2 protein chains.
Amino acid sequence: MKPPRSSKNDVFLRYKLWLSAVSGEGIIGESSYKLLRTVEELGSLKAASEFLGVSYRKAWGDIKNSEELLGYDLTEKHRGGVGGGKSELTNKAKNLLEAYDALHKKMDIAIEDAYEDFKEKIK
Amino acid sequence: MKPPRSSKNDVFLRYKLWLSAVSGEGIIGESSYKLLRTVEELGSLKAASEFLGVSYRKAWGDIKNSEELLGYDLTEKHRGGVGGGKSELTNKAKNLLEAYDALHKKMDIAIEDAYEDFKEKIK
DNA sequence: GTTCGATATGTTAATGATTTCATATCGCCT
DNA sequence: AGGCGATATGAAATCATTAACATATCGAAC
């Protein structure tokens, strides 16, 4: 019988990419990216946090933290009004997310590439 | 006056790279890499964990976990004897660390590259 | 001017990760 | 044979992160 193409002990490569402040503290990573994109789509932080299964408290705190570290707002917050309130992305946030996206795509390609090499070496 | 080259709110890019099992569980990352390299250098897990300021219990558990996930040993362990015992890297471990190293170097270059682009976009 | 639902934020509870502690085993050396 | 110091590993304690809870505030719409 021929050996399996992939064994239980196969290794894969994973990576995380994030923006950080000089202090080293993380500003935006995968989870904040997703959160902001979901806010963009759903129009509110409440809805976004629920959709992503994370507490509102944390989602709110994360965004606040990012904003403080960046020195500018990522969301325009509105209290009251239709539906109780809403949040939407600022243009700066949209721009940032776009750039983050492009960055990630580049890294995905780079890692794909490096992975081939890596597998060869550890074989 | 000319503006500062770098403000408090500058952002940097950081990334983590690790090997994972199919399950998604991490096998070797930055910390295990360092730990293994230190074991290689100092000849014992105890010395390495102390040098790195991590508990022996955790260091030992991390290596054991890695080995179980990989399905082979990363260290040759010796109990008793001169100095009470020692640990050294297996050839497979050395090979793996070399490959990890090369991988990291490639990624460093890729990210350096992507960063230029990124900065331009968020300016 | 009352109602509604989201934003805003402090406080406390639960969960997870890591360290500490405790204890056993092994094998060279004297 | 007994001591020494590192490996081996379970159990309890501590620390960090996240979730839950609790309340206040806001403003459009009715």
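So you know, we letter chains A, B, ... as the sequences are listed, proteins then strands, and number each from 1. These figures come from a predicted structure and were not determined experimentally.
Which of D:dA8, C:dT11, D:dA11 sits closest to the side chain of B:W60 comes down to D:dA8. Side-chain proximity of B:R79 to the nucleotides C:dT19, C:dG10, D:dT7 is greatest for D:dT7. Of the candidates C:dT19, C:dT7, D:dA19, the closest approach to any side-chain atom of B:R57 belongs to C:dT19. Checked against C:dC29, D:dA19, D:dA8, the side chain of B:V82 finds its nearest nucleotide in C:dC29. The side chain of A:S44 has C:dT7 as its nearest neighbour among C:dG10, C:dT20, C:dT7. Listed nucleotides C:dA6, C:dT9, D:dT7 differ in distance to B:L45; the shortest reach to its side chain belongs to D:dT7. Residue B:K64 places its side chain closer to D:dT9 than to any other of C:dT9, D:dA6, D:dT9. Distance from the side chain of B:K58 is smallest to C:dT18 among D:dC21, C:dT18, D:dT9.
With respect to A:K106 and B:D113, no salt bridge is recorded, no charged nitrogen being found less than 4.0 Å from a carboxylate O. Ionic pairing of A:K64 and A:E67 is not present here: no N-O contact between side-chain nitrogen and carboxylate oxygen is shorter than 4.0 angstrom. Ion pair A:E30/B:K16 not flagged as a salt bridge, since none of the NZ, NE, NH1 or NH2 atoms sits closer than 4.0 Å to an Asp/Glu carboxylate oxygen.
When heavy atoms are screened at a 4.0 angstrom cut-off, A:G85 is found touching the sugar-phosphate backbone but no base atom.
Put simply, CD1 on A:I63 is 15 Å from P on C:dA6, counting in whole angstrom units.
In this structure, a donor-acceptor pair under 3.5 Å is absent between the side chains of A:S44 and A:K46.
Between B:S87 and A:G81, the residue anchored nearer the 5' end of DNA chain D, judged by the nucleotide with its closest heavy atom, is B:S87.
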